[in-house]
*Asks:* 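Sending over a structure as structure tokens; questions will come in a sec.
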Amino acid sequence: MGQTEQPAPRNKHVFVIDGSVDILSMIRELLQDERYNVTTTNFVPRTWEQIAGLQPDLLMVDLVAGYRVGWDLLERLQLETLTRNIPVIVFSTDAKLLRRAEQQADRFGGQRFIIKPFDVDELLAAVNELVGTAESGDPSNDEPANGTFLA
Amino acid sequence: MMATNPDPKAIDLHSLRTHLTLVKGYTQLAHRQAKRINDSPTKLIAYLETVLTHTEHMAILLAEPDTPQPLQLGEGSDGSD
């Protein structure tokens with residue numbers, strides 16, 4: 001009789017989308033240091049497909065004044081069954097934009113809204129509240145965190 | 001020394017805030033690293049060098065608002081509806 005195989009424990013996976021590769025590098029550094037697996041990208045045409053395929057535990061999406069790409073991505077994430085239930089942290093350098101996103105959270109989603117510049121502890125606290133600590137809770141899990149940049 | 005600009009409206013505030021995010025973030029990463037027992041001097045130095053780089057970018061933005069800064073985003077038109 002075959003033995004049921006449990007999937008290997010894995011660290012929580014955070015997918016970050018931001019227009020600045022420098023911000024992406026910084027967040028990757030921060031989250032990997034806390035043992036989250038991190039995927040980053042700066043708004044490529046197939047970002048939604050990448051998210052749907054990878055099914056991360058958490059998304060972080062940047063909104064920039066004057067650009068629709070962040071709004072379009074948020075709206076599609078909410079509309080599609082495959083991505084609707086992935087929690088989202090929305091961040092922006094523009095407080096007005098962030099407030100507008102929060103006011104329209106039923107359409108664009110978002111569980112936390114964080115202004116840039118942020119405090120790294122504030123960001124980590126939001127991640128922890130939404131998905132918990134990086135590790136699966138299995139004491140045998142010694143998987144090192146990895147980071148991937150999708151171009 | 002404080003840089004002053006005759007026309008604050010000409011400053012690219014998005015770029016300025018992005019560099020500020022990087023300065024603050026990497027300063028905090030450096031602080032976390034420095035407090036560790038098993039700290040990495042290589043990482044600490046790299047974080048602090050990044051802080052200096054983005055501080056310089058902010059100084060340039062404040063002194064010469066029209067200078068293009070290396071912060072670009074993909075295609076898009078308007079963030080509002």
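Throughout, a chain's letter reflects where its sequence line sits, starting with A, and its residues are numbered from 1.
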*Asks:* Does any heavy atom of chain B fall under 4.5 Å from the side chain of A/Ser92, the backbone, both, or neither of them?
*Replies:*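 When you check distances to chain B, no heavy atom of A/Ser92 falls under 4.5 Å.
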*Asks:* Does any part of the side chain of B/Arg32, heavy atoms only, come nearer than 4.5 Å to the side chain of A/Asp121, both counted from C-beta?
*Replies:*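 The answer is yes, as the side chains (C-beta and beyond) meet within the 4.5 Å cut-off.
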*Asks:* Roughly how far apart are B/Leu29 CG and A/Leu30 CG, rounded to 0.5 Å?
*Replies:*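 B/Leu29 CG to A/Leu30 CG: 5.5 Å, rounded to 0.5 Å.
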*Asks:* Could you give all pairs that pass the side chain to side chain donor-acceptor pair (under 3.5 Å) test and reach residues 40-53 of chain B, with sequence neighbours left out?
*Replies:* A/Glu29-B/Tyr47
*Asks:* If hydrophobic clusters are built by linking Ile, Leu, Val, Met, Phe, Trp and Tyr wherever their side-chain heavy atoms come under 4.5 Å apart, do A/Val120 and B/Leu48 end up in the same one?
*Replies:* no
*Asks:* Of the backbone (N, CA, C, O) and the side chain (C-beta and beyond), which part of A/Leu63 lies under 4.5 Å from a heavy atom of chain B, both, or neither?
*Replies:* neither
*Asks:* Indicate if A/Leu77 and A/Leu54 have the same hydrophobic cluster label, given that clusters are the connected sets of ILVMFWY residues with side-chain heavy-atom separations under 4.5 angstrom.
*Replies:*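 A/Leu77 and A/Leu54: one cluster.
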*Asks:* With a 4.5 Å cut-off on heavy-atom pairs, point out which of A/Thr93, A/Ile23, A/Asp72, A/Ile27 contacts chain B the most.
*Replies:* A/Thr93
*Asks:* Check whether B/Ile45 and B/Leu52 end up in the same hydrophobic cluster, where Ile, Leu, Val, Met, Phe, Trp and Tyr are linked by side-chain heavy atoms less than 4.5 Å apart.
*Replies:*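 Different clusters.
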*Asks:* Which atoms of B/Leu20 are under 4.5 Å from chain A, going by heavy atoms: the side chain, the backbone, both sets, or neither?
*Replies:*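 Its backbone and side chain both get close to chain A.
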*Asks:* Looking at OG1 of B/Thr21 and CG of A/Asp18, how far apart are the two atoms once the value is rounded to the nearest 0.5 Å?
*Replies:* 9.0 Å
*Asks:* Using every non-hydrogen atom in the two residues, find where A/Met26 and B/Gly25 come nearest and quote the distance to one decimal.
*Replies:* SD-CA, 3.5 Å
*Asks:* First locate atom NE2 of B/His57, then atom CG of A/Asp22, and finally report the distance between them rounded to the nearest 0.5 Å.
*Replies:*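 One gets 7.0 Å once the value is rounded to the nearest 0.5 Å.
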*Asks:* Between A/Met60 and A/Leu130, is there a shared hydrophobic cluster once you connect ILVMFWY residues whose side-chain heavy atoms come closer than 4.5 Å?
*Replies:*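 Hydrophobic grouping puts A/Met60 with A/Leu130.
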*Asks:* Do B/His14 and A/Asp94 touch side chain to side chain, with heavy atoms closer than 4.5 Å?
*Replies:* no
*Asks:* Is there a continuous path of hydrophobic side-chain contacts, each under 4.5 Å between heavy atoms, that joins A/Phe118 to B/Leu16?
*Replies:*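 Yes.
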